[in-house]
Amino acid sequence: MAARALDARVRIYRVVRRIPRGRVATYGQIAALAGIPRAPRVVGAAMRDCPAGVPWHRVVNAQGRISPRRRMSGMLTQRILLVQEGVPFRGGRVPLRTHRWPGGGDVSCGSRSR
DNA sequence: GGGCTGACTGACG
DNA sequence: ACGTCAGCCAGCC
């Protein structure tokens, strides 16, 4: 049985991995897709120790900015990676309005604009 | 088993 | 627009 007992972290990694290149998602969005809409902090905790293959740099906060972490170097790295993928930074922040990953991928009912 | 922390978010002044 | 306070969840000591 089991199998479904995957830790929330694993689910988060899976969702983050689904983020297409050139797009970004917010912690809250990832959390919601991972099944824990009330725990955006858990997403951050997971990113803190994310394995390879997980585009952690595509995850930003609801403000479209890079969250302040203990090590500032990481912030710069994230910004560089995003720009490299084609994500423009405006005023030090990403225009979620146009570059936010729709999430789910399918838009049948879409438009869930928060 | 209990308690604290945290790469967050939303509301309020 | 900015700073502050409280809420919520999972992981770790």
Side-chain angles (χ1 to χ4, degrees):
Chain A
M1 341 226 221
R4 80 191 65 240
L6 295 175
D7 293 334
R9 263 192 185 170
V10 178
R11 286 192 244 170
I12 292 167
Y13 296 138
R14 198 177 240 147
V15 175
V16 175
R17 211 173 289 159
R18 285 164 54 180
I19 303 174
R21 181 172 163 289
R23 224 47 136 319
V24 298
T26 66
Y27 292 96
Q29 188 176 350
I30 300 295
L33 292 171
I36 47 177
R38 308 282 165 129
R41 305 186 83 153
V42 177
V43 177
M47 296 293 103
R48 187 175 158 190
D49 204 20
C50 67
V54 179
W56 59 273
H57 57 268
R58 289 181 192 153
V59 184
V60 297
N61 62 26
Q63 295 178 10
R65 297 189 33 346
I66 299 172
S67 292
R69 31 233 249 307
R70 314 240 248 126
R71 285 201 209 221
M72 224 171 165
S73 351
M75 295 176 73
L76 189 63
T77 304
Q78 182 167 9
R79 190 176 97 119
I80 293 170
L81 287 168
L82 287 174
V83 174
Q84 240 174 25
E85 294 193 349
V87 179
F89 262 77
R90 277 227 246 118
R93 69 180 127 159
V94 180
L96 296 176
R97 200 86 164 222
T98 58
H99 285 77
R100 178 173 168 286
W101 173 45
D106 122 25
V107 232
S108 298
C109 253
S111 316
R112 188 128 328 170
S113 39
R114 167 224 235 184

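In what follows, chains are A, B, ... by sequence order, proteins preceding strands, each numbered from 1.
With both pairing distances under 3.5 Å, B:dG3 is matched to C:dC12 as a Watson-Crick or G-U wobble pair. Pairing for B:dA11 goes to C:dT4, judged as Watson-Crick or G-U wobble with the two contacts each under 3.5 Å.
A:Ala8 comes within contact range of the sugar-phosphate backbone alone, with a heavy-atom separation under 4.0 Å but no base atom that close. At the heavy-atom level, A:Gln78 lies under 4.0 Å from base atoms of the strands shown.
By the neighbour-count criterion of 12 heavy atoms within 6.0 Å, atom CZ of A:Arg17 is densely surrounded, having more than that number from other residues, nucleotides or ligands.
The nearest whole Å value for the distance from the OH atom in A:Tyr13 to the P atom in C:dG11 is 10 Å. When the C1' atom of B:dT9 is taken as reference, atom CD1 of A:Ile36 falls 14 Å away, rounded to whole Å. Residue A:Asn61 contributes atom CG, which lies 13 Å from atom P of C:dC2 at whole-angstrom precision. At whole-Å resolution of the value, CZ in A:Arg38 and P in B:dA11 are 12 Å apart. In this entry the distance linking CG of A:Asp7 with P of C:dG11 reads 5 Å, nearest Å. For the pair A:Ile30 CD1 and C:dA10 C1', the interatomic distance rounds to 17 Å; values are reported in whole Å. Distance, A:Trp56 CH2 to B:dG6 C1': 17 Å, rounded to whole Å. The distance from atom CZ of A:Arg41 to atom P of C:dC9 is 12 Å, rounded to the nearest whole Å.
Side chains of A:Arg58 and A:Arg23 form no contact here, defined as non-hydrogen atoms less than 4.5 Å apart. Residues A:Met47 and A:Val54 form a side-chain contact, since some pair of their non-hydrogen atoms from C-beta on lies under 4.5 Å apart.
Between A:Arg9 and C:dC9 there is no side-chain polar atom (N or O) within less than 4.0 angstrom of OP1 or OP2.
Within 3.5 Å, no donor on the side chain of A:Arg69 pairs with an acceptor on the base of B:dG6, nor the reverse.
Here A:Thr98 contributes atom OG1 and A:Arg90 contributes atom CZ; the two are 7.5 Å apart, rounded to the nearest 0.5 Å.
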Item to check | Criterion side-chain contact (heavy atoms from CB on, under 4.5 Å) on A:Arg93 and A:Val60, from CA distance to verdict | outcome: CA-CA 9 Å; A:Arg93 69 180 127 159; A:Val60 297; over 6 Å; no
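Along DNA chain C, the nucleotide closest to A:Asp49 and the one closest to A:Arg93 are compared, and the more 5′ of them pairs with A:Arg93.
Taking the side chain of A:Pro40 as heavy atoms from C-beta on, and the options B:dA7, C:dA10, B:dC8, the nearest nucleotide is B:dC8.
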